[in-house]
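Here is the structure we will look at.
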2 protein chains.
Amino acid sequence: MRKSIATVSVSGTLVEKLEAIAAAGFDGVEIFENDLLACPLPPEEVRARAADLGLGIDLYQPFRDFEGVPAEVLAGNLRRAEHKFRVMERLGADLLLVCSNVSPAAIGGDELAAEQLRLLAERAAAHGIRIAYEALAWGRHVNEYLHAWRIARLADHPGLGVCLDSFHILSRGSDPIGIEAIPGEKIFFLQLADAPLLAMDVLQWSRHYRCFPGQGNFDLAGLVESVRRAGYVGPLSLEVFNDVFRQASAERTALDGMRSLIALEQGAHERGAYERGAHERGAHEQGAHEVTHPAVPAGFAFAELADTGAVGGMLAALGFARTGTHPTKPVELWEQGGARLLLNATGADPALIAIGLDSPDPAGAAKHAESLLSPILPRERTSEEARLEAVAAPDGTEIFFCDDAWLADFVPSGPVPGPVTGIDHVALAQPWHHFDEAALFYRSVLGLRPQESLELPDPYGLLRSKAMSGPDGAVRVVVNIAQVGADHLPWQHVALACDDVVAVARRLRREHPGLLLPIPGNYYDDLEARHEVDPGLRDLGVLYDRDEHGAFLHVYTVTVGRVFFEIVQRIGGYQGYGAGNAPIRLAVQHAAGH
Amino acid sequence: MRKSIATVSVSGTLVEKLEAIAAAGFDGVEIFENDLLACPLPPEEVRARAADLGLGIDLYQPFRDFEGVPAEVLAGNLRRAEHKFRVMERLGADLLLVCSNVSPAAIGGDELAAEQLRLLAERAAAHGIRIAYEALAWGRHVNEYLHAWRIARLADHPGLGVCLDSFHILSRGSDPIGIEAIPGEKIFFLQLADAPLLAMDVLQWSRHYRCFPGQGNFDLAGLVESVRRAGYVGPLSLEVFNDVFRQASAERTALDGMRSLIALEQGAHERGAYERGAHERGAHEQGAHEVTHPAVPAGFAFAELADTGAVGGMLAALGFARTGTHPTKPVELWEQGGARLLLNATGADPALIAIGLDSPDPAGAAKHAESLLSPILPRERTSEEARLEAVAAPDGTEIFFCDDAWLADFVPSGPVPGPVTGIDHVALAQPWHHFDEAALFYRSVLGLRPQESLELPDPYGLLRSKAMSGPDGAVRVVVNIAQVGADHLPWQHVALACDDVVAVARRLRREHPGLLLPIPGNYYDDLEARHEVDPGLRDLGVLYDRDEHGAFLHVYTVTVGRVFFEIVQRIGGYQGYGAGNAPIRLAVQHAAGH
């Protein structure tokens with residue numbers, strides 16, 4: 001489908017916006033009126049600039065507070081509209097968005113609104129312009145999309161249809177399946193925005209917290225499927241008001257918007273196919289919303305860290321051993337049980353720099369990532385080396401899609417026994433202005449499912465933390481984001497799974513004092529008030545959490561460079577990450593001067 | 001009254017918090033439990049550290065989900081409480097905050113809650129501890145402060161009283177006058193927080209947007225007056241959860257908190273005296289809420305700009321003339337009509353660096369500012385020079401309190417005729433993390449009244465703008481704040497009043513092309529759709545706004561360094577600042593590369 005975006009969705013002057021939007025591959029734009037008003041170019045030149053960039057002007061918006069008014073107000077509103085029609089002619093735009101009236105002057109009444117909108121459509125038609133009528137979620141008399149459609153049908157003018165905006169529909173909890181009651185040719189335009197679920201005034205929610213499809217909590221694939229079933233053939237257009245996007249790079253935001261539409265199309269398509277199949281089978285099974293990605297990983301192949309020696313020393317203390325060396329790169333393989341870590345002597349300070357994922361189809365996964373505009377990383381390799389497909393995550397971490405071949409490069413010396421069974425999860429650090437981009441990347445490119453976002457108090461600000469996981473928890477990624485405005489990144493870490501954290505902690509506290517983070521006694525005073533726990537946890541500095549499925553024991557190492565390790569034990573079906581203990585960890589890390 | 005603050009209100013580790021709080025002059029602290037849990041020091045050492053710093057531990061908080069539960073839950077809750085009593089004994093804290101139960105396990109019922117709280121108070125008394133019961137605004141069964149008092153009275157135990165929290169009372173719209181129904185000795189603690197009025201979930205509002213008294217919209221003076229009338233003699237204690245404070249300097253935040261309590265005490269005292277007086281006179285006049293400040297300015301004496309020559313050139317073009325020179329400093333006086341500007345050859349790039357205010361009592365104003373912890377600026381002067389009292393605003397701008405004597409230093413050559421009649425307003429630029437501090441400074445130190453905050457879309461992010469004005473608009477100050485996370489400051493400007501902007505614009509466009517900011521034709525296409533305006537405005541690039549009181553005409557100069565000038569004409573009783581036109585200005589300024 002044709003892809004558009006409202007100019008308000010990205011930062012910059014109008015010309016900068018158009019350039020960034022064209023560079024991201026969009027077909028068209030909605031011109032947001034305020035962007036035009038502040039632009040020194042006359043409408044004719046904006047039109048020419050857009051045409052030169054290959055962008056159509058799909059919509060001019062918004063025209064406010066028109067319908068359902070007393071006769072004496074109507075004359076002034078029509079006069080306003082005539083001015084806008086002339087601007088649109090100069091701009092070469094033939095579709096005007098009319099939002100439902102929010103003015104106290106509106107008296108409402110469907111027949112009155114229909115009559116006045118028909119009049120507007122007639123006037124517009126004289127300029128070759130059509131009217132798309134939209135119900136704002138906070139409209140005074142009209143705030144439901146089916147109500148807008150009722151009025152448009154009553155008006156019965158070929159130049160009058162509706163504009164559907166996913167935010168206005170889903171923020172009110174309206175069911176989008178009703179869209180299928182609207183003939184496709186009367187849906188003149190479709191605006192898409194996702195949003196996190198927030199309990200706040202809907203107008204403020206709309207103006208500050210919208211985000212691109214797949215970055216929030218709305219089921220946009222379902223809405224798009226209903227729009228498609230209705231027979232709509234117009235553009236998918238993004239209209240996002242977002243405080244962070246307003247100050248971010250226009251190029252990066254526009255590209256991310258395009259990625260969201262491609263992912264939505266892929267998802268909507270697959271979902272649609274699935275649902276149609278399910279319908280033909282006469283069943284509507286649980287799981288109809290699942291979309292299979294060729295990239296969904298089956299587990300962690302490895303985690304790769306930059307090292308100057310300190311990480312290797314820590315791994316040795318943790319019971320890892322070096323089992324191989326890359327033939328041509330300064331990279332070592334360290335193993336214990338099922339966990340494999342690569343140490344890369346790049347010269348940089350210790351940090352987590354790459355993740356290898358076990359992929360059922362590495363080439364397919366890379367192709368999928370590329371279709372979602374993820375940069376494929378160039379790899380230097382000799383003809384003997386394994387071919388590795390890699391893409392860059394939004395924070396720059398390299399993501400490798402692996403089959404077993406990569407291991408052969410290292411000629412590993414054999415298994416290293418030990419209590420560590422594998423990598424439980426990795427925690428990456430995200431700059432605050434790339435939070436939404438990261439959420440979309442892990443969801444769409446890797447097919448991980450987002451879990452709840454958490455806020456963790458750090459001594460110097462809140463952290464936001466979002467966990468994402470693949471099927472059966474085989475791959476778990478936690479993205480930690482510094483508070484908006486923070487000038488430092490959170491730490492990264494690799495969490496190693498084991499079956500007996502207490503035994504591991506006992507050995508490490510004895511043999512390597514100072515390796516594990518000290519945990520304050522005050523923490524245990526509280527823990528023992530809340531739960532009946534083994535007093536040995538206090539002596540060994542082991543942290544504890546539980547949820548309705550089971551329990552969690554964990555310890556942290558001290559930090560080297562930007563990174564530390566965690567050793568975790570999941571008991572029963574515990575699903576979390578010990579987030580309740582993270583503030584304790586953060587305070588101790590800060591106090592230790594890390 | 002004794003002054004306290006909860007440790008959660010400032011950033012840092014617990015020890016850093018205590019140090020900052022002591023340095024700001026507080027008498028005591030509420031220990032927020034999570035701060036203790038994450039602290040490596042045992043409670044005895046925290047107690048000693050606080051004592052060394054001269055801080056009492058006035059409250060330990062919070063203890064959650066205790067009352068109104070089935071018998072089988074009660075046993076566990078009492079066990080939890082015994083653990084906390086032991087911690088409090090080690091800490092030397094004798095007052096525990098118990099929040100009303102939010103757990104789904106709570107079954108409610110006033111008699112049950114009272115019975116269980118009485119039992120808790122009995123157990124606590126054995127440790128020399130008292131219980132302060134508080135209604136959370138989102139409590140499951142108890143969410144009104146009078147309901148908490150009803151239960152505490154029913155429990156009837158000398159060791160059980162209520163804790164009042166201004167946020168929980170005022171966020172629900174409850175009337176604080178009911179506090180006067182509570183005997184003062186049963187009010188065990190008073191927590192104060194202000195907040196901006198936000199239409200959002202009350203829990204999120206409470207956890208992220210609280211601020212210090214005077215920084216938000218609540219009438220805290222009225223609440224404190226009711227608490228005082230009830231006979232409460234305990235501390236005024238700040239309990240503020242604020243995302244910005246969490247990442248700001250603890251020292252600066254603690255000092256600002258202390259300033260808010262001093263201002264509240266001054267205001268509450270004056271208000272109380274006034275109301276008591278009014279009551280004795282048998283009248284309750286309009287204006288009872290007005291508090292007179294010795295610092296309230298009667299007008300602008302001058303604005304002072306750093307200059308390297310460009311500002312002087314611009315002033316000459318605007319019709320100003322140099323009328324005097326300071327005898328010992330590189331400062332020139334420029335005048336036109338009633339407007340006086342000082343140009344200071346500091347060597348720095350052009351910027352607004354100081355404001356002189358006509359003060360009825362300069363020494364009293366400075367003393368008032370000093371009582372509110374504003375730094376008094378040292379002034380070098382010879383014995384012949386006028387004595388000038390100055391304080392630093394939060395953004396570093398110097399604020400001078402002037403009588404007429406300052407002018408004599410310059411021996412001005414005489415009046416300069418011209419259309420400019422004076423300074424209409426000045427617009428200062430504030431870093432985003434000092435927004436609340438600035439609001440409190442201008443309100444408490446200068447006695448200006450805050451007007452509504454606005455959000456202005458800039459091409460690269462939103463600006464927040466807050467106007468504050470003195471009586472009759474004699475002094476108007478606009479504080480512009482960059483969007484949270486922005487790494488640049490907004491521009492500053494001086495707005496000059498005149499009686500005929502069109503004439504001024506005509507002369508300047510003709511004689512000094514390039515001096516005034518060009519305004520896009522698209523702006524006028526829209527303006528003419530909205531209003532019947534003189535087409536001459538378009539030709540001269542004059543901007544237009546209107547409100548219910550009158551109209552506003554204005555033009556902007558281009559920017560030099562960090563600063564520009566605006567020339568404004570108020571017609572009728574127009575009260576605003578043309579904020580609707582600011583986005584046009586911002587876009588043109590950015591496009592011009594300023």
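Here is how names work: the chains are called A, B, and so on, in the same order as the sequence lines, proteins then strands, and each is numbered from 1.
Contacts of A:L78 classified as side-chain contact (heavy atoms from CB on, under 4.5 Å), with partners at least two apart in sequence or in another chain: A:F66, A:L74, A:L119, A:L120, A:R123. Listed by chain and number, the residues in a side-chain contact (heavy atoms from CB on, under 4.5 Å) with A:D539 amount to none (sequence neighbours excluded). In this structure A:P520 satisfies the side-chain contact (heavy atoms from CB on, under 4.5 Å) test together with A:I584, A:V588, sequence neighbours excluded.
Heavy atoms closer than 4.5 Å to chain B are found nowhere in A:R207, neither backbone nor side chain. Residue A:W432 touches chain B through its side chain alone, counting heavy-atom pairs closer than 4.5 Å. Looking at A:K17, there are no atoms closer than 4.5 Å to chain B (heavy atoms on both sides), in backbone or side chain. In this structure, the portion of A:V244 lying under 4.5 Å from any heavy atom of chain B is its backbone and not its side chain. No part of A:P518 comes within reach of chain B, as not one of its non-hydrogen atoms sits under 4.5 angstrom from that chain.
You'll find the side chain of A:R79 stays beyond 4.5 Å of the side chain of B:R530, heavy atoms only. Put simply, the side chain of A:H208 reaches to within 4.5 Å of the side chain of B:L462, judged on heavy atoms.
A:A38 approaches B:P583 most closely through the heavy-atom pair CB-O, 4.2 Å.
Ranking B:K84, B:R86, B:H433, B:Q204 against chain A, the residue ahead of the rest is B:K84, based on heavy-atom pairs under 4.5 Å.
At a heavy-atom separation below 4.5 angstrom, chain A is approached by B:N522, B:Y523, B:D525, B:D526, B:E528 within residues 521-528 of chain B.
More than 12 heavy atoms of other shown residues, nucleotides or ligands fall within 6.0 angstrom of atom CZ in B:R538. Atom CZ of B:R49 has 12 or fewer heavy atoms from other residues, nucleotides or ligands within 6.0 Å.
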